[in-house]
A.B. asks: 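Just passing along the structure, written as structure tokens.
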Amino acid sequence: MTDVFIGVGSNINREENILSGIKTLHEQFGHLRLSPLYSSAAVGFEGDDFLNLVVGFSTVLTVGELSQRLRDIERCHGRANDAPKFSSRSLDLDILLYGETVGEVDGVVLPRAEVLFNAFVLQPLADIAPQSCHPVSGQAYGDLWRAMAVQNPQRLEPYHGLDDALARILL
């Protein structure tokens, strides 16, 4: 079993898609660790705000198998295969970390670069794994987040509108 962390986001019917996406992940992978939910501005394009969180779980799937499973879940939630990189998303599921893996595996670059420069990824990762260390820099995610919050502040707002619904999914 390998511990993985997945970035989850949506800015199209975002509450519905986040809940449905988390339910599907729970059904397919079992026990999930969920960060708090955050609202953040779209990055790289003009669009509605996103809801984002990070989900941790363990899997026996390879990187390639996990990536394909996540793409299948995205498609089931209305994401088009040919959507531009910077565009609105019904559901976005990105492998952030796959154990301590570093480098390109099955077409996936690990760890995902945005872990170190997007608050909507680093803050929720630091929330659920503050003492875990980035496999390249060796720094703890909690320390990385505190440094980013001072040196490169980005708009990120806690979002509590789905707390009860997410808790019910995980029961």
A.B. asks: Under a 4.5 Å side-chain heavy-atom rule over Ile, Leu, Val, Met, Phe, Trp and Tyr, are I128 and M148 clustered together?
C.D. replies: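 Same hydrophobic cluster.
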A.B. asks: Parallel, tilted or perpendicular: which fits the ring planes of F29 and F57, with parallel below 30° and perpendicular above 60°?
C.D. replies: parallel
A.B. asks: So if you build clusters from Ile, Leu, Val, Met, Phe, Trp, Tyr with side-chain heavy-atom gaps below 4.5 Å, do I6 and F50 land together?
C.D. replies: no
A.B. asks: Give the C-alpha distance, both sets of side-chain angles, the deciding distance and a yes or no for salt bridge (charged side-chain N to carboxylate O under 4.0 Å, His left out) between D72 and R69.
C.D. replies: CA-CA 5 Å; D72 292 344; R69 182 84 55 94; 5.9 Å; no
A.B. asks: Taking S40 for its side chain and F120 for its backbone only, find out whether a donor-acceptor pair lies under 3.5 Å.
C.D. replies: no
A.B. asks: Does the side chain of H26 come within less than 4.5 Å of L170's, by heavy atoms?
C.D. replies: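 In contact.
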A.B. asks: Scan side-chain atoms only and decide if S58 and D3 contain a donor-acceptor pair under the 3.5 Å cut-off.
C.D. replies: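 Yes, D3 and S58 have a side-chain donor paired with an acceptor closer than 3.5 Å.
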A.B. asks: What do the steps show when you test D127 against R33 for salt bridge (charged side-chain N to carboxylate O under 4.0 Å, His left out), and what is the final call?
C.D. replies: CA-CA 10 Å; D127 287 336; R33 293 172 39 208; over 6 Å; no
A.B. asks: How about L51 and S10: do any of their side-chain heavy atoms sit closer than 4.5 Å?
C.D. replies: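 Not touching, per the 4.5 Å side-chain cut-off.
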A.B. asks: Do Y38 and E157 meet the criterion of a side-chain donor-acceptor pair at a distance under 3.5 Å?
C.D. replies: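 The criterion, which ignores hydrogens and geometry beyond distance, is not satisfied for E157 and Y38.
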A.B. asks: If two hydrophobic side chains count as joined below 4.5 Å and joins carry through other members, does L66 share a cluster with V8?
C.D. replies: yes
A.B. asks: Which other residues belong to the hydrophobic cluster containing V102, where Ile, Leu, Val, Met, Phe, Trp and Tyr are joined when side-chain heavy atoms lie under 4.5 Å apart, directly or via other members?
C.D. replies: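 Result for V102 is V136.
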